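Here is the structure we will look at.
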2 protein chains.
Amino acid sequence: MLEARLEQANILKKVVDAIKDLVQDCNFDCNDSGIALQAMDNSHVALVSMMLKAEGFSPYRCDRNIALGVNLVSLTKVLRAAQNDDILTLKAEDAPDSLNLVFESASNDRISEYDLKLMDIDQEHLGIPETDYASTISMPSAEFRRICTDLMAMSESVTIEASKDGVKFSCNGDIGNGAVTLRSHQDIEKEENNIDIELTEPVSLTFSLKYLVNFCKAQALSNKVKICLSNEVPLLVEYNLSGSSYLRFYLAPKIGDEE
Amino acid sequence: MLEARLEQANILKKVVDAIKDLVQDCNFDCNDSGIALQAMDNSHVALVSMMLKAEGFSPYRCDRNIALGVNLVSLTKVLRAAQNDDILTLKAEDAPDSLNLVFESASNDRISEYDLKLMDIDQEHLGIPETDYASTISMPSAEFRRICTDLMAMSESVTIEASKDGVKFSCNGDIGNGAVTLRSHQDIEKEENNIDIELTEPVSLTFSLKYLVNFCKAQALSNKVKICLSNEVPLLVEYNLSGSSYLRFYLAPKIGDEE
DNA sequence: GGCTACCCAC
DNA sequence: GTGGGTAGCC
């Protein structure tokens, strides 16, 4: 059986908020190392990969592999019941037909308990190869979101070019063109403002802004975001959570005329 | 004639907002003790009872009984003209065919005046018996609203059970089940957070969430709400206004298969 | 008409 | 960061 107590119900709420517009139904795969989720979006352009490590829960207990097939719209409805400081405990049997969610108020005078019906979901196995990216950019997640939403106002696509001079996000649209260029930047006082650009090879790739803006809903989970690029390979956008938990989004580049 | 000056036009606005989805047309019954309203909703499942005491107005003057037959949609349109801090004066003749509403800005540099046509409404007389309820729950109105809207996401009905252990709001729906349990709770620092459960007899009743959520629009009128329950008797949801004015909603329980 | 997402004000 | 309101979409 699974029993996982999350001090901040908020974390799961934010994770689900960030992915529910990409994925409708998916498995939460639970085992003794934690809770994992991998799913393609409907159009098979983007991929979400979440890992909530056991260490992020206290306590965490999961003896066997359990797949929780969840409809994320339904889960959102339940998670909406979580108040800000609530503690969330997830419970499921070994072959569950429902997931039990208990919200406790910090002051303990309110307990909300929900059973969410589960579904069988065919797990398409997603091998995500470990990639050595040609360029890895680390920046404030708010800044990345700002760039994406700003450029979204002009175009449906953004071209991301990383070179030794920095990283340039540019777009062409009917009303004009836009570009934001960032250079490496070390802010000693506010480390979270650092912009860090690693580069082994220049890259230039074009992506759908709609998806990138969508990924940016995960901003609330971390004040940093890591963007990994290699030519002709899906982009990786990574939000690291406490411990070594993470939420990752992959997005295939646009090619040729699509741009 | 009626002349009633309400320092906070807002109060009437909130009252009408809270009931206009239940009742289309109704009489405001004015006499020397104040302005009262009683009306069943269209499906005759819920009943609204409002009392605005003369003391809540300054000045208040009403020599004879006057029934003001008002269409609440029209009244809402007029009240929308009220600014936040406006003072509202209601005026009507003894046998009026219109209601006069004057809004004064607090600073007195703007006066808006409206005449709302009245209608003759057959008053179905509603005797509401005073009931000694088996259980009376007093809680923050925001919390009650929160519970109702949370459970609304899962089901159309909620079962409210009051026992010596506390009060439990539970529901069953297609996507799963939900329950919120509250215990008595005295917050000495913030009295408005108190949850107070009086009980002479355990009760368990099921109600339409749609109506309860509707009642909760009155939340803006008071930070406390009182919920009174007896088996097989309509639920009473009461918002107390300043003075001994009030807005009360009654709702018949669902029985048998309806649940 | 209900729901959702966005926006703004607290 | 939260709640309430509004404006579009289904």
Side-chain angles (χ1 to χ4, degrees), chain A residues 7-24 41-42 71-86 88 103 105-107 110 140-142 145-146 148-153 192 209-223 239 241, chain B residues 10-11 13-18 20-24 41-43 72-73 76-77 79-85 140-157 173-175 190 192-193 208-223 225 239:
Chain A
E7 293 275 353
Q8 295 178 63
N10 252 338
I11 293 179
L12 188 63
K13 200 170 173 175
K14 290 175 189 168
V15 166
V16 174
D17 272 348
I19 64 181
K20 72 171 202 298
D21 291 338
L22 291 169
V23 179
Q24 280 68 57
D41 87 297
N42 293 331
N71 174 279
L72 292 183
V73 174
S74 302
L75 180 58
T76 300
K77 286 183 182 175
V78 172
L79 291 174
R80 196 176 297 153
Q83 310 264 27
N84 223 0
D85 303 320
D86 277 4
L88 167 61
F103 303 99
S105 69
S107 58
R110 175 180 38 80
S141 56
R145 188 177 64 110
R146 183 60 196 255
C148 292
T149 55
D150 284 354
L151 296 183
M152 181 88 176
E192 68 269 25
L209 274 166
K210 194 185 78 177
Y211 281 96
L212 294 182
V213 168
N214 216 316
F215 300 167
C216 288
K217 289 189 183 164
Q219 187 210 323
L221 287 161
S222 170
N223 54 22
Y239 295 87
L241 314 184
Chain B
N10 252 340
I11 292 179
K13 201 171 175 175
K14 289 175 189 168
V15 167
V16 174
D17 271 348
K20 73 172 199 299
D21 290 339
L22 290 169
V23 179
Q24 278 68 56
D41 85 298
N42 294 331
S43 55
L72 292 183
V73 174
T76 301
K77 288 182 182 171
L79 291 173
R80 197 173 296 156
Q83 310 266 24
N84 230 356
D85 302 321
S141 57
E143 183 145 10
F144 181 57
R145 188 179 64 108
R146 182 65 195 252
I147 291 169
C148 291
T149 54
D150 283 353
L151 296 183
M152 181 87 178
M154 303 198 88
S155 173
E156 295 181 349
S157 308
D174 293 340
I175 66 165
K190 290 192 171 182
E192 69 268 26
N193 286 344
S208 156
L209 275 167
K210 194 184 76 177
Y211 281 97
L212 294 183
V213 167
N214 215 317
F215 300 168
C216 288
K217 289 187 183 163
Q219 187 209 325
L221 287 161
S222 170
N223 55 19
V225 64
Y239 295 87

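What you are looking at is a predicted structure, and each value in this text was computed from that prediction instead of being measured. Below, chains carry the letters A, B, ... as their sequence lines are ordered, and counting in each starts from 1. For the numbers below, each heavy atom of this structure counts, side chains included, while hydrogens, waters and symmetry mates do not.
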Taking dA5(C), dT4(C), dG4(D) as options, the one with an atom nearest any side-chain atom of Asp21(A) is dA5(C)
Are any of the side-chain nitrogens in Lys13(B) or Asp17(B) under 4.0 Å away from the carboxylate oxygens of its partner? no
In whole angstroms, the gap separating P of dG3(D) from CD of Gln219(B) amounts to 11 Å
Of all heavy-atom pairs linking Ile175(B) and Ser74(A), the shortest is CG2-OG, 3.2 Å
Asn214(B) atom CG is separated from dG1(C) atom P, nearest whole Å, by 13 Å
When rounded to the nearest 0.5 Å, the distance separating NZ of Lys14(A) from CG of Leu241(A) is 10.0 Å
(message) Closer than 4.0 angstrom, basic N to acidic O: yes or no for Asp86(A) and Arg110(A)?
(response) yes
When rounded to whole Å, the NZ to P distance for the pair Lys217(A) and dT4(C) reads 12 Å
Between CG of Asp85(A) and C1' of dG1(D) the distance, given in whole Å, is 11 Å
Item to complete: May I ask you to evaluate whether Arg145(B) reaches the phosphate of dG4(D), defined as a side-chain N or O under 4.0 Å from OP1 or OP2?
Response: yes
Met152(B) CE to dG1(C) C1', in whole Å, measures 12 Å
Taken to the nearest whole Å, NZ/Lys77(A) to P/dG2(C) is 14 Å
With the side chain defined as heavy atoms from C-beta on, Lys20(A) is closest, among dA5(C), dG3(D), dT4(C), to dA5(C)
Taken to the nearest whole Å, CD/Glu156(B) to P/dG1(C) is 17 Å
Rounded to whole Å, CG of Asn10(B) lies from C1' of dG4(D) at a distance of 14 Å
